[in-house]
Colleague: 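Sharing a structure here in structure tokens format.
All ligand and atom numbering here is 1-based and tracks the order in the structure.
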Amino acid sequence: MKLFLDTANIDDIKKYAAWGLVDGVTTNPSLIAKEGVSLEKRIKEIAAVISGPVSSEVTSETAKEMVAEGKEYAKWAKNIYVKCPMTPAGLEATRALTDEGIRVNVTLVFSAAQALLAAKAGAAFVSPFIGRVDDMGQSGMQLIEEIVQVYTNYMFETEVLVASVRSPRQVTDTALLEADICTMPAAIYDKLVKHPLTDAGLEQFKTDWQKMKNK
Ligand code: G3P
């Protein structure tokens with residue numbers, strides 16, 4: 001399973017890339033707005049650090065405008081994936097961009113039926129937002145299970161990119177369901193590494209080593 005960082009913060013991207021654990025980066029308009037920099041500047045900075053897929057989201061509403069935005073983004077670096085929303089215009093733009101050889105990540109997906117449409121439109125990635133599904137009292141993981149099954153049934157090549165991840169457990173569940181990619185905020189990378197028994201074990205080793213040295 002590939003691990004992506006869901007952020008537009010360049011310091012975090014550099015930090016976790018140094019761990020060797022960032023296979024790609026996903027951004028969205030909210031994450032870019034939080035950074036207070038231009039989309040173009042930040043996406044170019046990210047793509048210079050990360051060789052894997054870097055998702056940059058369109059902000060227009062018509063298919064024509066989305067295609068124009070997507071074509072512009074694709075010029076910024078070789079590893080750009082254009083994020084289009086799960087709307088009729090977004091699907092039309094997905095098909096048009098895909099036909100031009102530009103890879104698309106269809107975002108804001110909340111049902112297996114939507115994921116089926118994204119795959120049929122030619123999306124390279126589909127982004128179901130599991131945390132937001134859980135927030136509504138439904139099961140984000142059940143959604144992933146359904147999408148993985150539908151894609152397996154029909155041998156779609158679209159990769160399932162699990163997004164809106166809020167806990168380390170969701171990362172494990174994503175891997176168990178054999179989804180292709182899990183994108184997560186920096187805080188989840190930190191939480192995944194931590195375990196109280198690792199800390200306790202390390203403390204014990206340090207104490208025993210010190211005792212031996214003092215003898
Ligand atoms: O990048 C999209 C997604 O991961 C957003 O997550 O936490 O805002 O639902 P969240």
Colleague: With salt bridge (charged side-chain N to carboxylate O under 4.0 Å, His left out) as the criterion, how do Asp99 and Arg95 come out once you've worked through the C-alpha distance, each side chain's angles and the decisive distance to 0.1 Å?
Modeller: CA-CA 6 Å; Asp99 286 349; Arg95 173 45 65 202; 3.0 Å; yes

Colleague: Tell me which protein heavy atom sits closest to atom 2 (C) of ligand 1, plus the residue, atom name and distance to 0.1 Å.
Modeller: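 Nearest neighbour among protein heavy atoms for atom 2 (C) of ligand 1, to 0.1 Å: Phe129 CZ, 3.3 Å.
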
Colleague: Taking the side chain as everything from C-beta on, heavy atoms only, tell me whether Tyr189 gets closer than 4.5 Å to Asp12.
Modeller: no

Colleague: Could you tell me whether Ser164 and ligand 1 have an N or O pair separated by under 3.5 Å?
Modeller: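 In this structure, Ser164 places an N or O atom under 3.5 Å from an N or O of ligand 1.
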
Colleague: So do Asp190 and Lys15 actually touch side chain to side chain, heavy atoms under 4.5 Å?
Modeller: yes

Colleague: Run down the list Thr26, Asp135, Leu108, Asp6 and name the one with the heavy atom closest to atom 3 (C) of ligand 1.
Modeller: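 That would be Asp6.
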
Colleague: Above 12 or not: heavy atoms from other molecules or residues under 6.0 Å from CD of Glu178?
Modeller: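 No, CD of Glu178 has 12 or fewer neighbouring heavy atoms, counting only those of other groups under 6.0 Å.
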
Colleague: Check Lys83 against ligand 1 and report side chain, backbone, both or neither, counting heavy atoms closer than 4.0 Å.
Modeller: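 Side chain only.
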
Colleague: Considering Arg166, Glu57, Arg132 one by one, which has a heavy atom nearer to atom 5 (C) of ligand 1 than any of the others?
Modeller: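 Ranked by closest heavy atom to atom 5 (C) of ligand 1, first place is Arg132.
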
Colleague: Using side-chain heavy atoms (C-beta onward) and a distance below 4.5 Å, is Pro128 in contact with Val133?
Modeller: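 Contact flag for Pro128/Val133 side chains = no.
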
Colleague: Would you mind listing which atoms of ligand 1 come within a distance below 4.0 Å of any non-hydrogen atom of Ala163?
Modeller: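 Heavy-atom distances to Ala163 below 4.0 Å select 4 (O).
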
